[in-house]
Amino acid sequence: MIPAANEILLFAALAAVNIATPGPGVALTLTNAMQRQARVVFAGILGVASGTFVVASLSAMGIGAVLMTSTLAFAFMKYAGAAYLVYLGVKIWRAPAVAIGAVASTRVGIARHFAEGFVLQISNPNAILFFLALFPQFIDHRTDGLARGALLVAGYAILIVIIHSLYGIAALRARTWLGSQSGGRVLNRVSGSAFVIFGAALAASNPR
């Protein structure tokens, strides 16, 4: 176990770096911010945070160990997650370019974007393995394991909301750069390609 005086700050630092590192969650937040209303951006962020909360909770309880002992379970989750990322990429790539000015008048599905962020997180087995590797360094199940695990899981989810919101605010302020039809097409191509690349990388990964 890491000394108690330093463990919370160290966990927060590791969590912040991991959250801020560009990945599928960040890509989804930026894509929503560039193409959608602010409330949709936040709905997607809450979806990502909620999905992470579930994944982290499973890992903290030790259920994530199943993915480390069952090759079949890990393979299923890995390829299901990869397929979902590729699906999102193709969907974004094929979406018609929308001028930023036209987005505000369009009704958007808050629940759908929340679900999109949620599924994005729970379908990624590497997220479970990340928490499964991280939590043993900070949780002693012989003492206050349950309380400490709940605190760390909640803290991680809160950090996601904060950091992704900062990404979203920055992207919302920069939307005028890509406010044209041609800019929208470029955004779709870049974002769609990023998701396909993330999906391919997940499918090809072998963290065991």
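The shown structure was predicted, so the numbers you read here are calculated from the model rather than taken from an experiment. What's counted below: heavy atoms across the whole structure, side chains too, no hydrogens, waters or symmetry copies.
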Distance in Å, [X] [atom1] paired with [Y] [atom2], rounded so as to fall on 0.5 Å steps:
X	Y	atom1	atom2	result
Q121	L28	CD	CG	9.0 Å
E116	T31	CD	OG1	9.0 Å
Y79	S123	OH	OG	15.0 Å
F118	T52	CZ	OG1	9.5 Å
Y167	I19	OH	CD1	10.5 Å

Kindly give the heavy-atom pair with the smallest separation between P24 and L120, and that separation in Å.
O-CD2, 3.6 Å

Nearest heavy-atom neighbours spanning A171 and A33:
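Looking at all heavy atoms of both residues, the shortest contact is CB-CB, 3.5 Å.
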
Following the transitive rule for hydrophobic clusters with a side-chain heavy-atom cut-off under 4.5 Å over Ile, Leu, Val, Met, Phe, Trp and Tyr, establish whether V40 and L166 coincide in one cluster.
no

List the atom pairs, with distances to 0.1 Å, where a side-chain N or O of residues 152-164 and a protein N or O form a donor-acceptor pair under 3.5 Å, not counting sequence neighbours.
residue : atom : partner : partner atom : Å
Y156    : OH   : N18     : ND2          : 2.6
H164    : ND1  : T29     : OG1          : 2.8

Evaluate F42 against I110 for side chain to side chain contact (heavy atoms under 4.5 Å, CB included), listing each step before the verdict.
CA-CA 9 Å; F42 194 64; I110 300 298; over 6 Å; no

